[in-house]
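Here is the structure we will look at, set down as structure tokens.
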Amino acid sequence: MSELQRILHVEDDPSIQAVAKLALEAVGGFQVLSCSSGQDALDQLQGFAPDFILLDVMMPDMDGPQTLAQIARLIDINQVPVAFMTAKVQPAEIAHYRSLGARDVIIKPFDPMQLAAQVRQIWSLAHE
Amino acid sequence: MSKGKSTADELQQHLQQLSNAFAVRLQVELPALAQNAERLLHAADPQEQLQHLQSLRDQLHKLAGAAGTFGFSSLGQRARELEQEADQWLETLQQEQQSLQDFSHSLQQLALQQFQAERGQEAATRVVKPPRPNSSARRIYILEDQLAIGENMRLTLNNFGYHAEHFSHIADLDHALQQQLPDALIVDVNLPDESLTGLEYAASLQQRLDEPLPLLVITTQDDFATYLEAVRVGAMGFFTKPVDIPQLENRLERCFAQQQGEPYRVLIIDDDRELASRFSLILRGANMLVEMLHEPADIFARMRSFNPEVVLLDVSMPDCTGPELAQIIRMNDDWLRVPIVYLSAETDINRQMNALIKAGDDFVTKPISDNALVAAVFSRAQRARLLSNALSRDSLTGLLKHADIKEQAAVELERAQRSGKPASVAMLDIDFFKKVNDSYGHAAGDNVIRALANLLRQRLRRIDSLGRYGGEEFLVVLPDCPPDQALRILDEIRQRFADLHFIADGQQFSVTLSAGIASTDDAPASADDLLDKADRALYTAKHGGRNQVR
């Protein structure tokens, strides 16, 4: 089984980008590449070869679900799980996101000290 | 492996710095928010109001998501509440705009009508909405500026049993949309005479609707940018001209099948009623059907009546353990396809293994987050259903397989003999199918087979059964249907099939079919005998020159 090391984080808000990067690198020991837009993520995707992808839902231009659809055309999202990050969480929405191919949803606001553990849990569930 | 205290301190310091930076950002963002609120109040028209509200809503959404992460919990909370209020305002304003447009449209309609004085009581009758013609057929609107292409598509889709309408101009389509919404929309991207492209129009339309319409896109440009734009407006299919209409129809069929997807059925067996109810609530929230069983002895009756697609099973119950119950379920072959997932507080890996060795497929450990539970159950249910469909359905057509449709014929024969109501069966075969494969390739051949399957599905009744009997041979079982009626139905299908145009390698071609009918009126000795009679009738049709029903 492969290991969780490289995380691609797609988020247009620079503050969130910074805190997530810090949380995942310092607490989780992961290597994080932050992207500011869906297009940026698509451009970096194959070069970075992430083990896990974290996607903000609401972004200008290409939103999270649209980005996911494009990602799924480029790589196998069963191997590289994708999770959404969003502040809106109705059970029906979670089910909807999952039907798009996302593994899980991480709720905003998140606790920086817990984020790495959350990601790790989703990743191991996906690789059970 | 332990990290030194200094590293933890450093981390805290970093977090504090980020939090400080966020506080600085707030000093700019909060006044900007207030300014936007001011603009909202002084908006010149409803359109501008909507714009300001939308941007306010987005700003609040960001704030709600971010503030808590940096320790500004109460600000995040308040932003969340205000975001929800903004959402409500947006909805109200949009509805008002829509109603106002409807109202204005009704007024314009009124001006166009010619009125005469009505006599007596009738004067007071209200205006009746136009009835929906052929209400069982799915309504498809086509926006295509090229008349020949649009009309051809309309006629072909009507042959498939849809109610298709073609519009050359956006204004005509808009008008029809106000009368009645379709079940799906097909738009051409290139509309040189209009101010909008088909996709821009579709995007604005989808925004006006409560629920987006299934959308298919046709175009001459199959470049990445157009694909991307289509995906963004929610297109479910993308076809380049010349359009292979049977393939487009197949995609429509799939869109509708997805929409109608039944909720997954989950059975929870747990003696802890509170926990079972909680799980049940979470799963119902994710649109699943859930039943709970607290009495293991009732398992057989419940499995039969509810027919679950996933069983969630508590490991330790007083009367009988989870693994014991799982073994009982596994003794019945009917339920082999149902995944059994243990719910347990058990974290001892050896004991989990022991339980799995006896029976059952997986473990979910309590406590479990709502998301993880939904994910665990959803993925297993989805797989179980796909597997179940794959086992009994033909992969190309989605119709019943040989053995299952044959069994259906036997069932209907028996029912007909009991009830005295005649049933008919029809054996269909595509004429010169080998030629299609040889001249146009196997992909084109598969397309023809799929088109016939979809045509049959559209034209026949819900109670009829359809099966793929062999390569290009289909069997149809029509309960409560005398042979002359069966002949009429099948002959109509034969004509419609012959009218379909297929496209392969830029070439257009059509295909015909022959069919033979047999009825329970002919006093067949057995189901095999009945099918044999249909087969002989098919043989007669083939020898009578094909493209006919006997």
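Letters A, B, ... are given to chains in the order of the sequence lines, protein chains preceding strands, and every chain is numbered from 1. This is a predicted model, so every value here is computed, not measured.
In this structure, no portion of B/Ala21 lies under 4.5 Å from any heavy atom of chain A. Heavy-atom distances place no part of B/Ala376 under 4.5 Å from chain A, backbone and side chain included. In this structure, the portion of B/Gln12 lying under 4.5 Å from any heavy atom of chain A is its side chain and not its backbone. Heavy-atom distances place no part of A/Gln114 under 4.5 Å from chain B, backbone and side chain included. With a 4.5 angstrom heavy-atom cutoff, A/Asp111 does not touch chain B via any of its atoms.
For A/Asp61, the CG atom is loosely surrounded, since the number of other residues' heavy atoms within 6.0 Å does not exceed 12. Other residues, nucleotides and ligands place more than 12 heavy atoms under 6.0 Å from the CZ atom of B/Arg284. Counting non-hydrogen atoms of other residues, nucleotides and ligands closer than 6.0 Å to CD of B/Glu91 gives a total of 12 or fewer.
Within the 4.5 Å cutoff, the side chain of A/Asp56 has heavy atoms near those of the B/Lys62 side chain. Taking 4.5 Å as the limit, some side-chain heavy atom of A/Met113 sits within range of a side-chain heavy atom of B/Leu15.
Applying the salt bridge (charged side-chain N to carboxylate O under 4.0 Å, His left out) test to B/Glu85 and every residue at least two apart in sequence or in another chain returns nothing.
Taking NE2 of B/His14 as the reference point, atom CD of A/Glu25 lies at 10.5 Å (rounded to 0.5 Å). Once rounded to the nearest 0.5 Å, the distance linking CD of A/Gln70 with CZ of B/Phe224 reads 4.5 Å. Of the inter-residue distances, the one linking B/Glu10 atom CD with A/Leu22 atom CG reads 10.5 Å to the nearest 0.5 angstrom. Here the CD1-OG1 distance, from A/Ile16 to B/Thr69, works out to 4.5 Å after rounding to the nearest 0.5 Å. Distance check, rounded to the nearest 0.5 Å: CD of A/Gln39 to CG of B/Leu228 gives 7.0 Å.
With chain A as the partner, the residue from B/Ala67, B/Gly71, B/Gly68, B/Gly65 showing the most heavy-atom pairs under 4.5 Å is B/Gly65.
The stretch residues 11-26 of chain B participates, sequence neighbours left out, in these salt bridge (charged side-chain N to carboxylate O under 4.0 Å, His left out) pairs: A/Asp13-B/Arg25, B/Arg25-B/Glu29.
Closest approach of B/Ala64 to A/Pro109, counting heavy atoms only: O-CD, 3.7 Å.
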